[in-house]
Structure formats: structure tokens, C-alpha cells
S.K.: 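Before we start, here is the structure in question, set down as C-alpha cells.
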Amino acid sequence: MADYMTAAKLQQKRSNSAKDSRLPGEFFARNTKTVAKELLGKILVHGKKRGKIVETEAYFGTGDPGSHAFRGPTPRSKIMFGPPGHAYVYFTYGNHWMLNFVCERDGKPGAVLIRALEPIEPKDARTNGPAKLTKAFGISGKHNGTDLTSGKLCVENSDERPKIVTATRIGLAKGKGDDLKLRFYIKDNGWVSRK
DNA sequence: GCCTCGATTGACT
DNA sequence: GTCAATCGAGGCA
């Protein structure tokens with residue numbers, strides 16, 4: 001039945017679908033926690049590379065000691081105070097890049113850390129960790145501040161309704177209080193980074 | 001201007 | 001299981 005569907009048509013279909021399903025800036029202009037949960041199951045796209053988001057963490061500003069924005073805007077963290085729908089990429093531990101998406105409305109700090117992906121293209125990408133996925137996807141400091149609605153780095157929507165598990169955040173020296181259940185991941189997904 | 005620490009990883013005992 | 005690598009941003013004197 002689909003054997004007469006030409007490559008061109010497939011290409012067109014894929015292209016339309018990618019265009020139609022790119023998440024709009026509005027998606028990010030909401031509560032950080034909500035965005036973190038809803039990003040699960042969505043597809044992170046960077047050029048040809050694609051992966052399903054399976055684990056995220058939410059970071060606020062004021063009142064969140066674990067956030068870079070805790071003490072107010074700095075040259076690095078000011079992007080978190082900026083418009084939503086942008087990438088916040090930062091360098092840590094001397095060798096590691098972290099990918100975040102800026103949330104909340106302009107002026108209010110918030111970001112969602114992408115902790116793990118299930119690779120789609122290439123399938124053997126090692127993306128089960130926040131620093132590993134940036135390396136696998138070729139994401140680095142030059143992507144800091146990238147607009148997710150117009151650049152080659154973006155997030156595609158998905159119909160998937162994953163089973164979401166809520167947990168405490170990982171790896172923080174501060175702000176990991178047990179009441180802060182700001183980590184979300186897809187239940188039973190083997191790519192979740194949790195140790 | 002100096003000093004400490006980090007939203008991690010990978011290697012090693 | 002434990003621990004070192006590695007460098008820029010941020011805090012403080």
C-alpha cells in the first residue's frame with residue numbers, strides 16, 4: 001500500500017511533520033515544572049540528530065539554591081531571566097556542557113535541564129546523561145542563547161503520553177531537599193541516567 | 001585579584 | 001564502591 005509512496009513524498013511528509021510539530025515559544029512560557037513534565041516524550045532535534053527526551057529537571061531562580069539564578073542574574077545565568085524558548089548551555093566540571101531550555105515568561109528565571117535522551121538518530125548515540133547527550137549531539141557553548149523556534153536546534157512535539165515518575169534532583173550540592181521533587185523521567189525507560 | 005566550587009563522568013580499588 | 005580530572009564563573013577580600 002505504501003509501496004508507491006515515493007521518497008519525495010516521504011520527504012515532504014517528514015518535512016511537514018517536523019515543521020508543524022516544532023514546539024512554539026508559548027510552550028516554554030509557562031511554569032517551569034509543567035514544562036519539565038511535558039517535555040518528556042518530546043523529540044530533541046539538532047540538525048540530523050534526534051532523540052526522545054526521557055529525563056528532565058526543573059530549575060527556578062529565587063528560592064532554589066540549586067539554581068544558577070538563585071543569587072540573581074549574572075553574565076552566565078542571565079539567559080535564564082530572558083525570553084523562554086531559548087537554550088541555556090553552560091560549562092561545568094572543566095569538561096562538561098549542560099543543555100537547558102529557558103522557561104517562564106520574560107524576566108522570570110526558570111530552566112529545564114535535559115538529563116537524558118533515548119536516541120533515535122543515530123541509534124547508538126550515548127545520551128543517557130546530561131553531559132553525554134550534549135557531547136553526542138554536538139551541543140556546546142556556542143548554542144547558549146539559541147532560539148529553539150528558529151534555529152537548527154529545536155524540540156518536536158509528540159503524541160506520546162509517557163508514564164511520568166517524579167523524583168528529587170540529582171547531583172546538587174545544595175537545594176536537593178526532599179520536598180523539591182523537580183526531577184521527572186519516563187517510567188521503565190532504560191535511558192534514564194539515574195544511578 | 002585570588003580562591004573555591006560545581007545541575008558530571010569515567011576510571012580505578 | 002570511591003575518587004580524581006579540569007576550567008570557568010561567581011563570591012568575597
Side-chain angles (χ1 to χ4, degrees), chain A residues 28 30-42 44 46 49 51-104 108-119 122 124-146 148 153 155 164-186 189-195:
Chain A
F28 299 95
R30 295 180 296 163
N31 179 279
T32 304
K33 191 172 165 181
T34 303
V35 176
K37 279 194 282 193
E38 295 195 7
L39 274 174
L40 293 175
K42 302 293 189 288
L44 174 70
H46 181 221
K49 301 186 179 66
K52 182 169 76 179
I53 298 171
V54 299
E55 185 179 2
T56 63
E57 277 179 16
Y59 286 87
F60 299 99
T62 314
D64 184 357
S67 170
H68 291 160
F70 178 52
R71 297 171 197 278
T74 65
R76 176 170 66 163
S77 68
K78 67 181 179 188
I79 185 76
M80 287 178 72
F81 291 78
H86 286 232
Y88 167 43
V89 185
Y90 75 93
F91 192 67
T92 193
Y93 289 108
N95 262 16
H96 304 298
W97 293 102
M98 305 284 162
L99 174 63
N100 302 249
F101 297 141
V102 178
C103 300
E104 305 286 352
K108 190 175 175 186
V112 175
L113 168 70
I114 307 303
R115 286 195 58 86
L117 305 175
E118 178 182 324
D124 61 348
R126 297 289 142 82
T127 53
N128 61 328
K132 290 201 271 188
L133 73 89
T134 56
K135 185 180 179 188
F137 272 51
I139 294 167
S140 67
K142 68 184 175 188
H143 297 93
N144 192 28
T146 298
L148 298 174
L153 177 66
V155 182
I164 298 174
V165 180
T166 303
T168 55
R169 293 182 295 188
I170 293 181
L172 291 170
K174 300 166 188 168
K176 59 183 172 190
D178 287 344
D179 354 337
L180 293 172
K181 303 275 191 180
L182 295 175
R183 173 168 169 255
F184 309 99
Y185 59 93
I186 297 180
N189 188 290
W191 291 93
V192 171
S193 68
R194 176 179 175 276
K195 290 186 200 174

S.K.: Counting only side-chain nitrogens and oxygens, does A:K135 get under 4.0 Å of the OP1 or OP2 atom of B:dT9?
M.R.: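 No, A:K135 has no side-chain N/O under 4.0 Å of OP1/OP2 on B:dT9.
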
S.K.: Is any side-chain nitrogen or oxygen of A:H68 closer than 4.0 Å to OP1 or OP2 of B:dA7?
M.R.: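 Yes, within the criterion.
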
S.K.: Given C:dG10, B:dT8, B:dA7, identify the nucleotide with an atom nearest to the side chain of A:T74.
M.R.: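 Looking only at heavy atoms from C-beta outward on A:T74, the closest nucleotide is C:dG10.
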
S.K.: Are A:R71 and C:dG10 close enough that a side-chain N or O sits under 4.0 Å from OP1 or OP2?
M.R.: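 So the side-chain polar atoms of A:R71 never come under 4.0 Å of the phosphate oxygens OP1 or OP2 of C:dG10.
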
S.K.: Please pick, from B:dT8, B:dA7, B:dG10, the nucleotide with the shortest atom-to-atom distance to any side-chain atom of A:M98.
M.R.: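 The listed nucleotide nearest to A:M98's side chain is B:dT8.
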
S.K.: Tell me the interatomic distance from A:F70, atom CZ, to B:dA7, atom P, rounded to whole angstroms.
M.R.: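 Going from CZ in A:F70 over to P in B:dA7 covers 13 Å.
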
S.K.: What is the distance from atom CD1 of A:I53 to atom CD of A:E118, rounded to the nearest 0.5 Å?
M.R.: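 Going from the CD1 atom of A:I53 to the CD atom of A:E118 covers 12.0 Å.
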
S.K.: Please give me the minimum heavy-atom distance between A:P119 and A:T127, naming the atom from each residue.
M.R.: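 Minimum heavy-atom separation between A:P119 and A:T127: CD-OG1, 3.3 Å.
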
S.K.: Could you check how far NE2 of A:H96 sits from P of C:dA4, rounded to whole Å?
M.R.: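 About 15 Å, once rounded to whole Å.
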
S.K.: Between atom CZ in A:F101 and atom C1' in B:dA7, what is the gap in whole Å?
M.R.: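 My rounded result for the distance is 15 Å.
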
S.K.: C:dG8, OP1 or OP2 - any side-chain N/O from A:R76 closer than 4.0 Å?
M.R.: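 Negative; the distance criterion is not met.
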
S.K.: Charged N to carboxylate O below 4.0 Å: is that the case for A:R183 and A:E55?
M.R.: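 Result for this pair is yes, salt bridge flagged.
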
S.K.: Could you give the distance from OG1 (A:T34) to CG (A:L39), rounded to the nearest 0.5 Å?
M.R.: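 If we round to the nearest 0.5 Å, A:T34:OG1 and A:L39:CG are 10.5 Å apart.
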
S.K.: Using whole Å, what does the distance between atom C1' of nucleotide B:dC5 and atom CG of A:N95 come to?
M.R.: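 Taking CG of A:N95 and C1' of B:dC5, I get 16 Å after rounding.
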
S.K.: Between atom CH2 in A:W97 and atom P in C:dC7, what is the gap in whole Å?
M.R.: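 Whole-Å distance recorded here is 12 Å.
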
S.K.: Measure the distance from CZ on A:R183 to P on B:dA7 and round it to the nearest whole Å.
M.R.: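 So the two atoms are 15 Å apart, to the nearest Å.
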
S.K.: Identify the nucleotide, in any strand shown, that forms a Watson-Crick or G-U wobble pair with C:dT6, with both distances under 3.5 Å; if there is none, say none.
M.R.: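 Check on C:dT6: unpaired, no WC or wobble geometry under 3.5 Å.
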
S.K.: Would you say the side-chain atoms of A:K135 pair up with the backbone N or O of A:A131, donor to acceptor, closer than 3.5 Å?
M.R.: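 Not a single qualifying donor-acceptor pair exists.
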
S.K.: At less than 4.0 Å, is any side-chain N or O atom of A:R126 found next to OP1 or OP2 of B:dT9? Yes or no.
M.R.: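 Negative; the distance criterion is not met.
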
S.K.: For B:dA7 and A:T92 - does any side-chain N or O of the residue sit under 4.0 Å from the phosphate oxygens OP1/OP2?
M.R.: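 So the side chain of A:T92 is outside the cut-off, no N or O lying under 4.0 Å from OP1 or OP2 of B:dA7.
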
S.K.: Quick one: A:I139 CD1 to B:dA7 C1', roughly how many Å, whole number?
M.R.: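 Roughly 16 Å, once rounded to whole Å.
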
S.K.: What is the distance, to the nearest angstrom, from the OH atom on A:Y90 to the P atom on C:dC7?
M.R.: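 Going from OH in A:Y90 over to P in C:dC7 covers 17 Å.
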
S.K.: Side-chain contact test, heavy atoms from C-beta onward, threshold under 4.5 Å: evaluate it for A:Y59 versus A:E57 and give yes or no.
M.R.: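 Yes, at least one pair of side-chain atoms sits under 4.5 Å.
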
S.K.: Starting at CH2 of A:W191, measure out to CG of A:N128 and round the result to the nearest 0.5 Å.
M.R.: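 If we round to the nearest 0.5 Å, A:W191:CH2 and A:N128:CG are 6.0 Å apart.
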
S.K.: Would you list the protein and nucleotides 1-3 of chain C atom pairs, both N or O, that sit under 3.5 Å from each other?
M.R.:
none

S.K.: Mind checking who C:dG1 pairs with, Watson-Crick or G-U wobble, both distances under 3.5 Å?
M.R.: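 By the stated definition (distances under 3.5 Å), B:dC12 pairs with C:dG1.
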
S.K.: Evaluate whether the aromatic ring of A:F91 and the six-membered ring of the C:dG8 base sit under 5.5 Å apart, centre to centre, with an inclination under 30°.
M.R.: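 So A:F91 does not count as stacking on the base.
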
